[in-house]
Amino acid sequence: MPSLAELTQLIVFALLATGVVVGSLGVVLLPNVVYAAFLLGGVFLSVAGLYLMLNASFIAAAQVLVYVGAVNVLILFSIMLVNKKEAMAASPGVGLRRLLSSGVCAGLLWLLLRVAYTTPWATPGPEPRGDDAVIRLGEHFFSDYLLPFELASVLLLMAMIGAIVLARRDVFNTDVGTGEAVDQALIEKERTPLLLEKTRP
Amino acid sequence: MTSISVPLEAYLSVAALLFCIGIWGLINSRNAVRVLMSIELMLNAVNINLMAFSSYLDGQEIRGQVYAIFVITVAAAEAAVGLAILLSLYRNRDTVDMERFNLLRW
């Protein structure tokens, strides 16, 4: 008979794992992409709960802040920006592709599960740190992982500039009516969509 | 206390399942936004693995958590740039259908 703490852990793990798997299936399978985006937030929250069970309170907080707070909101905004109801034309060989990819994914799942269950893991390892894990984490970041930590900041700066450059619209620098300089021009240039169809003889 | 009652393999199984669902969605999605969501699912699966190993096998030097932080950073950058590319594509092609982004196809 497991103790109350172990039983609670098992139940919480089962709930979180069910949330992760069912939510991700919904993300992939639901026809409405807005529902899929909200379910993705649920998956991220469940994963944060799994992190809490794995003695990683700081990463759980970072997961909620970065994934649920930033990435999911970004995805929702981009859905609103590109949400055009379009009937996607049927492409040939979809059924065959689904069958093949399902087979490949099932095979990969079988491989991963086999590796997970046949490898003799060296458990139990050292006693995990509890709440002072974040202290060790900070020591890592400012001693032996200092270079990747600084490179991550450069990477984030590059991603920020790159995203701005890629998503920027072409605008007039001057007002077409009066000829005055426009500060951050809200008048959008009339733009003919390029490459609407593949030009092929 | 450490989570003794839940074995390490349980976390690995959840992560494997999440990763395979992500791959399936990546291959089979027509909507470009859903492709990006599938990539996020796969990155989360990898993070679950890292955290499980960090907690079960490397409890004192929590290097898995350090790697998970870096993965989260790169995933955030990837999401921002990916969605910017998606907006640019939508402006140029007027669609988010992956089947019609075929300019570089033979």
Side-chain angles (χ1 to χ4, degrees), chain A residues 2 6 9-10 13 17 20-21 24-25 27-28 33 36 40 47 50-51 53-56 59 62 66 70-71 74-75 78-79 81-82 88 91 98 101 105 108-109 112-113 116-117 121-123 125-129 133 136-137 140 145 148 152 155-156 159 162-163 166-167 193-195 198, chain B residues 2-3 5-6 8-10 12-14 16-18 20-25 27-28 30-31 33-34 36-38 40-41 44 48 51-52 55-60 62 65-66 68-70 72-74 76-77 79-81 83-88 90 92-97 99 102-103:
Chain A
E6 291 178 355
Q9 274 192 356
L10 275 177
F13 176 79
V20 167
V21 173
S24 56
L25 278 176
V27 169
V28 171
V33 76
L40 187 70
V47 171
L50 285 181
Y51 293 168
M53 289 187 67
L54 288 167
N55 308 300
I59 316 278
V66 175
V71 172
L74 197 63
I75 286 176
S78 67
I79 287 174
L81 284 174
V82 302
M88 296 193 177
S91 72
R98 293 212 164 179
S101 59
C105 288
L108 181 66
L109 180 65
L112 288 174
L113 288 181
Y117 280 96
W121 304 111
T123 50
E127 180 72 13
R129 290 163 184 264
R136 191 77 193 91
L137 206 56
H140 271 309
Y145 289 96
L155 175 78
L156 283 176
L166 281 170
L194 303 167
L195 310 170
K198 189 167 153 186
Chain B
T2 173
S3 45
S5 61
V6 182
L8 171 62
E9 286 86 356
L12 298 186
S13 310
V14 172
L17 207 51
L18 189 57
C20 290
I21 292 171
I23 285 190
W24 195 89
I27 297 173
N28 284 302
R30 295 285 298 274
N31 194 325
V33 183
R34 206 186 290 261
L36 287 170
M37 290 198 265
S38 303
E40 299 296 333
L41 287 183
N44 266 284
I48 292 177
M51 307 295 282
S55 178
Y56 279 85
L57 305 176
D58 193 25
Q60 288 299 311
I62 36 172
Q65 296 195 18
V66 179
I69 286 281
F70 289 132
I72 288 178
T73 309
V74 175
V81 175
L83 291 169
I85 291 174
L86 178 69
L87 281 187
S88 188
Y90 179 72
N92 280 325
R93 304 293 305 249
D94 205 23
T95 181
V96 285
D97 188 356
E99 297 285 326
N102 54 1
L103 193 72

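Just so it is clear, the model here is predicted, and its values are computed rather than measured. Side-chain atoms are counted along with the backbone in the values below, which use heavy atoms only and exclude waters and symmetry mates. Every chain is numbered from 1, with letters handed out A, B, ... down the list of sequences.
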Chain B interface, residue from A:Val71, A:Val82, A:Leu112 that has the most non-hydrogen pairs under 4.5 Å: A:Val82
CG on A:Leu109 to CG on B:Leu18, rounded to 0.5 Å: 11.0 Å
Nearest-0.5 Å distance, CD1 of residue B:Ile62 to CG of residue A:Leu54: 12.0 Å
Top contributor to chain A interface from B:Ile27, B:Leu87, B:Leu57 [non-hydrogen pairs under 4.5 Å]: B:Leu57
For B:Leu83, the option from A:Ile75, A:Ile79, A:Leu166, A:Leu81 that meets side chain to side chain contact (heavy atoms under 4.5 Å, CB included): A:Ile75
Heavy-atom pair of closest approach, residues B:Ala77 and A:Ala159: CB-CB, 3.5 Å
Interchain contact, A:Ala70 with chain B, by part (heavy-atom threshold 4.5 Å): neither
Any side-chain heavy-atom pair of A:Ser78 and B:Tyr90 under 4.5 Å: no
Chain A interface, residue from B:Val81, B:Ile21, B:Val14 that has the most non-hydrogen pairs under 4.5 Å: B:Ile21
Beyond-backbone contact of B:Ser38 with A:Val27, side-chain heavy atoms, under 4.5 angstrom: no
For chain B, the option from A:Ala36, A:Ala62, A:Cys105 that forms the most heavy-atom pairs under 4.5 Å: A:Cys105
Toward chain B, the part of A:Leu108 with a non-hydrogen atom under 4.5 Å: both
Atom group of A:Tyr117 that falls short of 4.5 Å from chain B, counting heavy atoms: both
Best-contacting candidate, A:Ala122, A:Gly162, A:Ala56, against chain B by heavy atom pairs under 4.5 angstrom: A:Ala56
Any B:Ile72 side-chain heavy atom under 4.5 Å of A:Ile59 side chain: yes
Atom of A:Ala167, atom of B:Ala84 and distance for their closest heavy-atom approach: CB-CB, 4.0 Å
Atom pair OG (A:Ser101) and CG (B:Asn28), whose distance is rounded to the nearest 0.5 Å: 3.5 Å
Which of B:Asn44, B:Asn31, B:Leu36, B:Leu8 touches chain A most, by non-hydrogen pairs under 4.5 Å: B:Asn44
Spatial distance of atom CG (B:Leu12) from atom CH2 (A:Trp121) [nearest 0.5 Å]: 6.0 Å
Greatest number of heavy atom pairs closer than 4.5 Å to chain A - which of B:Glu99, B:Glu40, B:Gln65: B:Gln65
Spacing of A:Leu50 atom CG and B:Ser55 atom OG [to the nearest 0.5 Å]: 11.5 Å
Chain B contact via A:Val47 - side chain, backbone, both or neither, heavy atoms under 4.5 Å: side chain
Among B:Ile69, B:Asp58, B:Leu86, residue most engaged with chain A (heavy-atom pairs, under 4.5 Å): B:Ile69
Partner chain A: residue of B:Ser13, B:Ala76, B:Ala68 with the largest heavy-atom pair count (under 4.5 Å): B:Ser13
Contact check, side chains of A:Val66 and B:Thr73, non-hydrogen atoms, under 4.5 Å: no
Backbone of A:Glu127 reached by a side-chain donor or acceptor of B:Gln60 within 3.5 Å: yes
